[in-house]
Protein chains: 2
Amino acid sequence: MATIRDVAKLAKVSTATVSRVINRNGYVNEGTKKRVKDAIEQLNYLPNDVARSLFKGRSKMIALFVPDITNPFFPEMARAVEDVTNRHDYTFVLCNTDNDIAKQIDYLNALQQKSVDGFIIVSSSMTEEHLQHIQVPIVALDRIISPDISSVTVNNRGGSRQAVQYLKSIGCTRIAHIAGPEHVNNAVYRMQGYLDEVNNADWFTEDYIIPGKYNFDAARDAAVKLLNTHSEVDGIFVGNDLMGAGVLNAAVSVGRKVPDDLAVIGFDGIAIGETITPTLTTMAQPIYDIGAKAAEMLIKQINSQEPAVMNEEFTVQLVERQSTL
Amino acid sequence: MATIRDVAKLAKVSTATVSRVINRNGYVNEGTKKRVKDAIEQLNYLPNDVARSLFKGRSKMIALFVPDITNPFFPEMARAVEDVTNRHDYTFVLCNTDNDIAKQIDYLNALQQKSVDGFIIVSSSMTEEHLQHIQVPIVALDRIISPDISSVTVNNRGGSRQAVQYLKSIGCTRIAHIAGPEHVNNAVYRMQGYLDEVNNADWFTEDYIIPGKYNFDAARDAAVKLLNTHSEVDGIFVGNDLMGAGVLNAAVSVGRKVPDDLAVIGFDGIAIGETITPTLTTMAQPIYDIGAKAAEMLIKQINSQEPAVMNEEFTVQLVERQSTL
DNA sequence: TTGTAGGCGTTATCAA
DNA sequence: TTGATAACGCCTACAA
């Protein structure tokens with residue numbers, strides 16, 4: 001690989017001049033500029049980013065922490081983050097954390113050693129404490145970490161209320177909820193939204209809230225149990241779409257017809273919802289948009305000296321499909 | 001951030017000694033070693049990886065190119081690559097290429113500037129030419145790039161033959177094929193495997209091969225058309241599972257019962273196949289394993305001076321589910 | 001067993 | 001308008 005010195009020698013100038021040409025700063029005569037450009041071309045020279053990073057203390061890299069990229073909710077978000085970071089000439093580093101604290105700390109350290117410029121973090125295990133020694137900007141995505149850390153989220157509680165209202169509006173009279181993990185704050189908000197709508201109903205019982213784990217299998221098992229013990233249930237608001245698919249599967253296996261005997265609505269708006277049969281009605285998040293927003297927010301913070309805390313809340317939207325129609 | 005000099009000063013030794021302690025090489029007295037370690041602890045010192053990279057010309061980073069991480073086939077592969085690279089203390093960089101040549105070249109350049117240590121590439125648009133100037137090891141994954149570049153793949157043609165044989169064995173007598181894009185070599189192999197089994201059948205016609213694009217929508221539309229024009233078709237071998245889901249959807253919409261009227265088998269073994277109704281029979285690739293193997297192969301090549309070309313072919317396995325039972 | 005010093009490739013400051 | 005040079009933080013001959 002050619003270095004700046006090779007270019008300088010070939011163009012018969014100093015490295016300083018080459019640097020000026022590359023970075024478009026400082027004065028440089030048109031003639032010499034051309035000589036330098038020719039030399040760069042001829043040698044196929046590309047500046048060494050590592051040396052640059054060392055000098056500047058910044059690497060033009062951004063990291064995204066997600067619990068697990070094989071969970072279909074995250075790829076689209078990751079995609080958005082990558083697209084935006086690329087557009088701003090950043091390199092994108094993806095980290096699967098499994099929500100494991102030790103793993104997250106390892107990543108934080110390893111990436112700081114590489115002078116990463118900022119972090120976008122989806123985590124329900126990380127707290128402000130773990131992050132207090134981080135010197136670069138951080139944006140919490142999908143799940144709030146602390147009031148002092150910028151965040152991009154959706155109206156989980158309001159959206160959930162809307163989901164339950166919708167089930168009522170299409171005639172459901174006994175509505176249950178398959179909930180996400182209680183240590184994930186958006187799962188708690190979604191359950192609260194459900195409770196807002198049903199808590200005062202005379203038919204409501206705690207039995208109608210079943211814990212799922214935001215995954216397919218647990219939700220299917222939970223739904224089978226629910227439907228067998230509570231045959232009066234005619235609507236289910238499910239904490240996320242992956243679990244919604246599990247519920248639809250359970251309905252088939254216990255012989256309940258969807259949507260005739262049972263209406264099901266999920267949350268998230270992942271693509272799978274459109275590929276299953278019946279297709280799944282859902283409160284759709286603008287997944288790509290929130291990922292993109294987080295990336296833009298982070299880059300803004302990186303480029304500004306005084307990084308103010310910003311919080312952005314997006315709105316989810318009802319998407320009606322076969323599971324309720 | 002503390003530097004090696006701060007540590008040296010605090011421990012009252014030279015930076016060379018600190019370096020020796022950190023890297024466990026060269027002799028260093030037990031007493032001074034302890035002093036150094038204490039100083040490191042006290043200052044919370046972590047070596048600057050950028051400086052290291054500059055000196056060594058290597059960054060301990062590995063990049064994975066995939067067409068699009070939102071395609072559910074890739075996350076599990078990416079996950080495997082990340083797990084293995086982490087285990088070897090490499091940092092993982094994910095790149096979505098959309099199979100766009102310009103984008104891939106941009107990534108190659110950007111990452112070379114960062115002294116990336118190696119590439120794992122899933123691409124059907126890249127050729128040997130594009131890669132000839134790359135100085136670090138490369139492993140082609142899922143799709144072969146050239147005989148001179150190491151690869152990890154599966155027995156696409158053999159697996160496809162097996163799929164068609166299976167359909168025959170359960171009684172199908174008119175078997176069609178929804179094919180992947182013709183510029184993707186594994187899609188071509190899969191079609192060839194299909195042809196191997198049906199080409200000589202008296203009932204076979206070219207009409208039974210319909211082009212899909214490895215995605216849901218195109219496959220659904222293709223299947224609707226096929227089933228409407230060729231009602232005699234009683235079995236479909238689909239080029240991948242995502243298209244398989246589309247075919248199942250199409251079957252419902254044209255009123256064909258699966259598996260009674262129509263048997264469907266896919267290829268890949270992605271998780272979606274188990275969540276849809278009916279569940280999808282498939283020729284399952286060991287997706288995680290091939291990703292992990294590619295990563296191990298690449299790391300081996302990075303660590304060896306004489307990088308021999310290696311080719312590994314995994315075997316796909318029939319997974320019977322409701323779409324054929 | 002330890003220290004000195006040069007260099008990895010850039011950038012930015014200061015002179016010229 | 002250009003050049004010489006000192007960093008950035010680390011590692012490794014070579015000396016001591």
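Order of the sequence lines sets the chain letters (A, B, ...), proteins ahead of strands, with each chain counted from 1. It should be emphasised that the depicted structure is a prediction, and the values quoted were computed from it without experimental measurement.
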* Sidechain N-carboxylate O distance under 4.0 Å for B:D117, B:K60 -> no

* Asked: To the nearest angstrom, how far is B:R24 atom CZ from D:dC11 atom P?
  -> 13 Å

* To do: Kindly point out which of D:dC10, C:dA12, D:dG9 is positioned nearest to the side chain of A:F55?
  => C:dA12

* Structure fact -> Sequence neighbours excluded, the answer for salt bridge (charged side-chain N to carboxylate O under 4.0 Å, His left out) partners of A:K213 is none

* Passing candidate, side chain to side chain contact (heavy atoms under 4.5 Å, CB included) with A:Q285, options A:V154, A:N186, A:T153 -> A:V154

* **Rounded to 10 degrees, the angle between the two terminal axes of the helix from C:dT1-D:dA16 to C:dA16-D:dT1, each from five pairs** => 50°

* Rounded to the nearest Å, what distance is computed from the CG atom of residue B:L54 to the C1' atom of nucleotide D:dC11? -> 11 Å

* Report which part of the nucleic acid B:S19 touches: base, sugar-phosphate, or nothing (heavy-atom distance under 4.0 Å, all strands). => base

* Structure fact -> To the nearest angstrom, the CG-C1' distance between A:D6 and C:dT10 comes to 14 Å

* Select from B:G26 and B:A51 the residue whose nearest nucleotide in DNA chain C is closer to the 5' end of that strand. => B:G26

Kindly give the atom pairs (protein nitrogen or oxygen, nucleotide nitrogen or oxygen) under 3.5 Å for nucleotides 3-5 of chain D.
from	atom 1	to	atom 2	distance (Å)
D:dG3	OP2	A:S14	N	2.9
D:dG3	OP2	A:S14	OG	3.3
D:dG3	OP2	A:T17	OG1	2.7
D:dG3	N7	A:R20	NH2	3.3
D:dG3	O6	A:R20	NH2	2.5

* To do: Would you kindly give the CD1-to-P distance between B:I22 and C:dT2, to the nearest whole Å?
  => 15 Å

* To do: State plainly whether the residues A:K33 and A:D38 are in salt-bridge range, i.e. N to O under 4.0 Å.
  => no

* How close or far is atom P of D:dC11 from atom CG of B:N25, stated in whole angstroms? -> 9 Å

* **Side chain of B:I4 - closest among D:dT1, D:dC10, D:dG9** => D:dC10

* Are B:R79 and B:D83 ion-paired here, with the side-chain N under 4.0 Å from a carboxylate O? -> yes

* **Nearest to side-chain heavy atoms of B:R5, which nucleotide of D:dT12, D:dC8, C:dT10** => D:dC8

* To do: Evaluate the ring planes of A:F65 and A:F119, with Trp represented by its six-membered ring, and classify them as parallel (under 30°), tilted (30 to 60°) or perpendicular (over 60°).
  => perpendicular

* Structure fact -> Here the distance between atom C1' of C:dA12 and atom CG of A:N23, to the nearest Å, is 10 Å

